[in-house]
Protein chains: 2
Amino acid sequence: MIDRYSPEKIYMQIAHAIESDLKDGFEAGDLYLSEKTLTEKFGVNRHTVRRAVEELVKQGVLEKRHGFGTFVAEKRLAYSIKGHQRLSQGIAENGSEVTTILLDKKIIAARGSVAEKLQLKNAEDVVQVDTLRQIDDKPVALISHFFPQAIVKDSFDDYESGSLGTFLAEQCEIEAKRISSQVNAAMPNSQDSFQLRMNSSQPILKVKTLNINVKTNELVEYSITRFRGDMIQLELLME
Amino acid sequence: MIDRYSPEKIYMQIAHAIESDLKDGFEAGDLYLSEKTLTEKFGVNRHTVRRAVEELVKQGVLEKRHGFGTFVAEKRLAYSIKGHQRLSQGIAENGSEVTTILLDKKIIAARGSVAEKLQLKNAEDVVQVDTLRQIDDKPVALISHFFPQAIVKDSFDDYESGSLGTFLAEQCEIEAKRISSQVNAAMPNSQDSFQLRMNSSQPILKVKTLNINVKTNELVEYSITRFRGDMIQLELLME
DNA sequence: TGCCATTTGTTCGTATGTATC
DNA sequence: TGATACATACGAACAAATGGC
């Protein structure tokens, strides 16, 4: 199984062997073999299989959970944003169950990019709402929403979970529309990777979006969404 | 220097110690201390300093060269594209000098996603053109273009460098228009990070675009663009 | 050219810590 | 509480790349 005289490093040989092993009898989400089992199977030191597995984790093929085991990673979902839709609608069209969990809500003083984007003077009050978006119970996006407090007032006292778009429409009579998005690739910080339950060596797709209220033409929401890079692909369609 | 009873792992303590060490007396591009020196300085095993350095390499703070040493990484510029949906034009409107370098052109048999996107039967001929886009002599994007050979014929024999869009319009009478793009975050492969002269632990923004010829409504081009994640931000504006 | 010292890379061995079930 | 599995850390040896002589 392992050629000790090959110029290819043993850990890479094992990584490749595991990859073809995965194609042949494992499905996404399955628990994979333990380090001990792999050590015996390939007849190498445990460090060497760890190095091989590390390689595959870096590639997003495997995922590990301390004290539990190593898993076959989930395949990437396609996720499309069309034209002027709100993001939540984009996901919903997928036959999958989408849930939104409230992580935090608080009032902060506007500063930096939030103040700039919402065109607020420094230190004006802003409502920050952090939510976690899940598809079929798998976290895919971590979103920080920012609303000028002068516009939404105390409405968010009641918000507990579910679609923020629907809540805004019903409680605040705000019909939000996306006017611009900025997209970039980044590495997750420890908060991001913890909440998204992802490996910190995998990238995230960061989307910063500015919304106006179509009824009043005021800037009502600035949001920063961090998508799991290994699960989400944005699709942009022109007409 | 190292607290063995701290809940913070030793390798992380060392990583932080190195970071503050760097701020104090090292400049970008400098050769940093060897593993042996660090081993003695911190009084830990070589594996432990390797683990610490690995962490900083992942963060893009240090870079290593086999057989030579460890360097303080160069700082990278932030660079954003503003004001446009059309990617190639978006860059040009910026007051900076944009150059396009031809890396490779060849004829291949269509297969996989290329055949699928261009709606070609398997093994139909496709012209592949790889280019490198630079802004002010800094590489920012690596692009693979695919054209059905039946449509562009031998036109590319003449192409050497410069805007492919202009070349297509003048030489082939093709006016290309983007109809869809898929955007995702990924890690670069070794080719990508070499050509883009970037750290392989930093993410790239991958944009796959399908173009039609507005004159004939035929699918004329499928392209895969790999942007340096640390230099490029896509901006999408709605109307 | 070849050899040598230095430096990073790989692999083995062993022990102990910590999370999960 | 115990068994299992991954995480951290130590020690040793050799391989491979680099640069200088």
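Since the model is a prediction, treat every value here as computed from it, not as a measurement. Throughout, a chain's letter reflects where its sequence line sits, starting with A, and its residues are numbered from 1.
- Between the CG atom of A:L31 and the P atom of C:dC21 there is a distance of 11 Å, given to the nearest Å.
- Put simply, OH on B:Y5 is 14 Å from C1' on D:dA9, counting in whole angstrom units.
- When rounded to the nearest whole Å, the span between NZ of A:K36 and P of D:dA7 equals 17 Å.
- Under the 3.5 Å distance criterion, with hydrogens and angles disregarded, a donor-acceptor pair is assigned to the side chains of B:K117 and B:Q182.
- Along DNA chain D, the nucleotide closest to A:K9 and the one closest to A:L33 are compared, and the more 5′ of them pairs with A:L33.
- Within the 4.0 Å cut-off from OP1 or OP2 of C:dT7, not a single side-chain nitrogen or oxygen of B:K64 is found.
- Out of C:dC12, D:dC10, D:dA7, the shortest distance to the side chain of A:H66 is found at D:dA7.
- Using a 4.0 Å cut-off, some side-chain N or O of B:R4 falls inside it from OP1 or OP2 of D:dC10.
- Counting to the nearest Å, the C1' atom of D:dA5 and the CD atom of A:E63 are 17 Å from each other.
- Atoms OH (A:Y32) and P (D:dA5) sit 14 Å apart, rounded to a whole Å.
- In this structure, A:E54 places its CD atom 13 Å from P of C:dG9, rounding to the nearest Å.
- In terms of phosphate contacts, A:S34 brings no side-chain nitrogen or oxygen within less than 4.0 Å of OP1 or OP2 of D:dT4.
- For an aromatic pair to be called close, the ring centres must be under 6.0 Å apart, and A:Y32 with A:F71 fails this.
- Looking only at atom types and distance, the side chain of A:T225 has no donor-acceptor partner in the side chain of A:R133 under 3.5 Å away.
- If you check the side chains of B:T209 and B:S181, you find a donor sitting under 3.5 Å from an acceptor.
- Between A:R51 and C:dT10, a side-chain N or O to OP1/OP2 separation shorter than 4.0 Å is present.
- The base of D:dA12 has none of its N or O atoms less than 3.5 Å from a complementary donor or acceptor on the side chain of B:R46.
- Map B:F68 and A:G43 each onto its nearest nucleotide of DNA chain C; the residue landing nearer the 5' end is B:F68.
- Interface remark: the B:H47 side chain does not form any donor-acceptor pair with the D:dA9 base, using a distance-only criterion of under 3.5 Å.
- At the phosphate of D:dC10, OP1 or OP2 sits under 4.0 Å from a side-chain N or O atom of B:T48.
- Residue A:E35 has its side chain nearest to D:dC6 when only D:dC6, C:dT8, C:dT10 are considered.
- The phosphate of C:dG13 (OP1 or OP2) has a side-chain N or O of A:N45 nearer than 4.0 angstrom.
- Under the 30°/60° scheme for interplanar angles, the aromatic rings of B:H47 and A:H47 are found to lie parallel.
- Between the side chains of B:Q128 and B:D130, at least one donor N or O lies within less than 3.5 Å of an accepting N or O.
- Across all strands shown, A:R50 has heavy atoms under 4.0 Å from base atoms, whether or not it also approaches the sugar-phosphate.
- Rounded to an integer number of Å, the gap from B:I2 CD1 to D:dT8 P is 15 Å.
- Rounded to an integer number of Å, the gap from CZ of A:F194 to P of C:dA19 is 13 Å.
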